[in-house]
Amino acid sequence: MNPSSSLPDAKPSQEADSSVLQIWGGHPLGGHVKISGAKNSALVIMAGSLLCSGDCRIRNVPLLADVARMSEVLSALGVGLTREGDMLDINAREITTSTAPYELVTQLRASFFAIGALVGRLGAAQMPLPGGCAIGARPVDLHVRGLQAMGAEVHIEHGICHAYVPGNRGRLQGAKIYLDTPSVGATETLMMAATLADGETIIENAAREPEVVDLANFCNGMGAKIQGAGSSKITIVGVTNLHSIDYSIIPDRIEAGTFLVAGAITGSEISMSPVLPSHLTPVIAKLQAMGLKIIEDTPDCLRILPASTLTAIDIETLPHPGFPTDMQAPFMSLLSVAQGDSLINESVFENRLRHASELNRLGADIRVKGNTALIRGVPSLSGAPVIGADLRASAALVLAGLAAEGQTTFQGLQHLDRGYDRIDLKLQQLGAKIVRVLNVEQDTELTSSGSTPVTST
Ligand SMILES: CC(=O)N[C@H]1[C@@H](OP(=O)(O)OP(=O)(O)OC[C@H]2O[C@@H](n3ccc(=O)[nH]c3=O)[C@H](O)[C@@H]2O)O[C@H](CO)[C@@H](O)[C@@H]1O
Ligand SMILES: C=C(OP(=O)(O)O)C(=O)O
């Protein structure tokens with residue numbers, strides 16, 4: 001199957017590179033937004049489908065550039081894929097090569113996690129070091145050490161991680177693995193590797209993120225024996241093969257959090273579903289501490305109400321169930337317009353505060369020292385041209401643009417489209433004056449009636 005003809009491409013990257021978002025801020029939003037499936041679940045579950053020699057039907061798959069790239073990675077390994085709407089059918093009955101393509105794997109982070117499934121299934125993998133957001137060094141030493149503990153020979157040469165299991169049988173051996181830090185990706189890589197290994201694997205200090213649980217549920221649905229996902233000790237008893245599955249991935253808690261902040265920063269009432277409120281506990285707690293009211297209309301629908309004043313708060317990012325690092329940048333935008341001084345300490349990634357200087361272009365007052373940002377709340381922001389350095393930094397700038405008076409031109413769609421399913425269209429549906437413009441130079445003025453201008457989207 002030719003991926004270019006059958007697979008969706010959320011936005012061709014060349015087009016995303018030359019497109020910008022024009023935002024006319026200062027207008028309230030309103031209405032309901034549909035939350036898509038979780039990016040970080042969809043991607044790793046696609047990797048997990050490599051473990052299965054039957055058919056995998058995955059539902060609620062978001063339309064993202066990262067999903068399109070991951071589909072291309074699987075396709076290059078000989079896997080069949082067909083997408084219809086938000087349903088993705090994957091058939092990994094045959095995997096024709098254990099070598100993943102360099103130019104694709106280096107475009108996203110989660111592609112690397114497939115090394116666990118490949119070594120587990122084939123006993124070998126040649127996986128380039130991954131891409132993803134440039135928010136720190138992001139080594140893969142924990143993935144490598146875990147695979148080595150399970151009996152694989154692993155070395156990195158010319159940017160490629162080579163892993164193979166010596167001996168005739170090519171099967172990994174169960175092992176006791178302690179992760180120095182509860183890495184999401186390493187937990188997922190090793191959980192997949194252990195699923196088809198000989199014997200029992202125990203991962204201690206495992207990541208507890210909802211996406212880890214989603215992957216475990218997906219694998220267990222195919223006949224894997226994984227216990228304890230969601231806690232810091234995961235036990236996997238290896239099985240010899242996995243069977244077909246029809247699985248729906250969880251809603252994206254980071255997308256939902258981003259829309260909650262969109263409501264808060266524009267002083268709007270917005271509802272959203274489907275969501276799993278328990279996945280948003282730290283985000284909701286911080287919004288409430290700022291004085292915002294969040295109502296659970298139904299068990300899977302949240303509504304945010306406008307607050308008369310936004311109170312400054314402090315935030316430290318932490319592994320789940322702590323405050324998610326992926327929500328740090330959007331909150332920085334919100335705290336920029338809160339009353340008083342806020343502190344953000346980014347403790348998960350060492351270089352994830354680059355949006356601060358761009359927010360200052362919009363009139364925010366933020367100082368950064370090391371991994372800490374001091375945000376002095378200002379009464380209002382004013383529109384300006386800004387550039388997003390990574391996915392959530394980009395979301396933060398769009399949110400700030402929605403609140404800023406006048407016009408903001410946002411550049412960085414190649415990041416935004418990696419992880420947000422048509423965010424410009426969803427915001428438009430909520431009443432935001434935001435348009436995607438192909439040509440940077442294109443003059444798009446708001447019509448005198450105040451309606452959204454016609455563009456080349
Ligand atoms: C595709 C995906 O799921 N991405 C998410 C995943 O990224 P990812 O899985 O890459 O993040 P990790 O949880 O692995 O990273 C956490 C910390 O551990 C360090 N580390 C990680 C692995 C390793 O082998 N050695 C090491 O030192 C990292 O540099 C970082 O400082 O979790 C992050 C933390 O919630 C999220 O921000 C990303 O959105
Ligand atoms: C850091 C992120 O993604 P990735 O790990 O794919 O770079 C993110 O989703 O915020």
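Start at 1 and go down the list; that is how both ligands and their atoms are numbered. Residues take their numbers from the sequence shown, with the count starting at 1. Hydrogens, waters and symmetry mates play no part in the numbers below; they use all other heavy atoms, side chains included.
- Close to ligand 1: Pro139, with a non-hydrogen atom less than 4.0 angstrom away.
- Atom CZ of Phe349 sits about 4.0 Å away from atom CD1 of Ile135, to the nearest 0.5 Å.
- Here the heavy atom of the protein found nearest to atom 25 (N) of ligand 1 is Asp141 OD1, 2.7 Å.
- Between Glu200 and Lys176 no salt bridge is recorded (no basic side-chain N to carboxylate O distance below 4.0 Å).
- Short contacts between ligand 1 and Val140, defined as distances under 4.0 Å to a heavy atom of the residue, involve ligand atoms 24 (O).
- Taking every heavy atom of Arg138 and a limit of under 4.0 angstrom, the matching atoms of ligand 1 come to 7 (O), 8 (P), 10 (O), 29 (O).
- Of the candidates Val184, Leu215, Leu142, Leu108, it is Val184 that places a heavy atom closest to atom 12 (P) of ligand 1.
- For ligand 1, the atoms sitting less than 4.0 Å from at least one non-hydrogen atom of Arg109 are 10 (O), numbered in the order shown with element in parentheses.
- Both the backbone and the side chain of Ser183 come within 4.0 Å of ligand 1, counting heavy atoms alone.
- Looking at Gln411 and Val386, their side chains never come closer than 4.5 Å, going by heavy atoms from C-beta outward.
- Under a 4.0 Å N-O distance rule, the pair Lys39/Asp252 does not qualify as a salt bridge.
- Across all their heavy atoms, Leu172 and Ala152 have their closest contact at CD2-CB, 3.9 Å.
- For atom 38 (C) of ligand 1, the nearest non-hydrogen atom from the set Val348, Asp326, Leu391 belongs to Asp326.
- A salt bridge is defined here as a Lys NZ or Arg NE, NH1 or NH2 lying under 4.0 Å from an Asp or Glu carboxylate O, and Arg145 with Asp180 meets this definition.
- Under the 4.0 Å criterion applied to side-chain N and carboxylate O atoms, Asp86 and Arg59 are not assigned as salt-bridge partners.
- Nearest to atom 11 (O) of ligand 1 among the protein's heavy atoms is Phe349 CZ, 3.8 Å.
- Under the 4.5 Å side-chain criterion, counting only non-hydrogen atoms from C-beta, Tyr420 is not in contact with Val398.
- Under 4.0 Å from ligand 1, the heavy atoms of Arg352 that appear belong solely to its side chain.
- Which parts of ligand 1 touch His143 is read off a 4.0 Å heavy-atom cut-off, strictly below it: atoms 24 (O).
- Within 6.0 Å of CZ in Arg361 there are 12 or fewer heavy atoms belonging to other residues, nucleotides or ligands.
- For ligand 1, the atoms lying closer than 4.0 Å to a non-hydrogen atom of Thr325 are 34 (C), 35 (O), 37 (O).
- Closest protein heavy atom to atom 3 (O) of ligand 1: Asn40 CG, 3.2 Å.
- Counting protein heavy atoms only, atom 18 (O) of ligand 1 is closest to Thr181 CG2, 3.5 Å.
- Between the side chains of Thr235 and Lys225, no donor-acceptor pair is found at a separation under 3.5 Å.
- Evaluated for a side-chain hydrogen bond (donor to acceptor under 3.5 Å, both in side chains) with Gln328, the options Arg392, His355, Glu316 yield exactly one hit, His355.
- Using a 4.0 Å cut-off between a side-chain N of Lys or Arg and a carboxylate O of Asp or Glu, Asp326 and Arg352 qualify as a salt bridge.
- Defined by atom type and a distance below 3.5 Å, a donor-acceptor pair is missing between the side-chain atoms of Tyr247 and Asn60.
- Protein residues having at least one heavy atom under 4.0 Å from any atom of ligand 2 are Lys39, Arg109, Gly132, Cys133, Ile135, Arg138, Asp326, Arg352, Leu391, Arg392, Arg418, listed by chain and number.
- Listed by number with element, the atoms of ligand 1 under 4.0 angstrom from any heavy atom of Gly185 are 9 (O), 14 (O).
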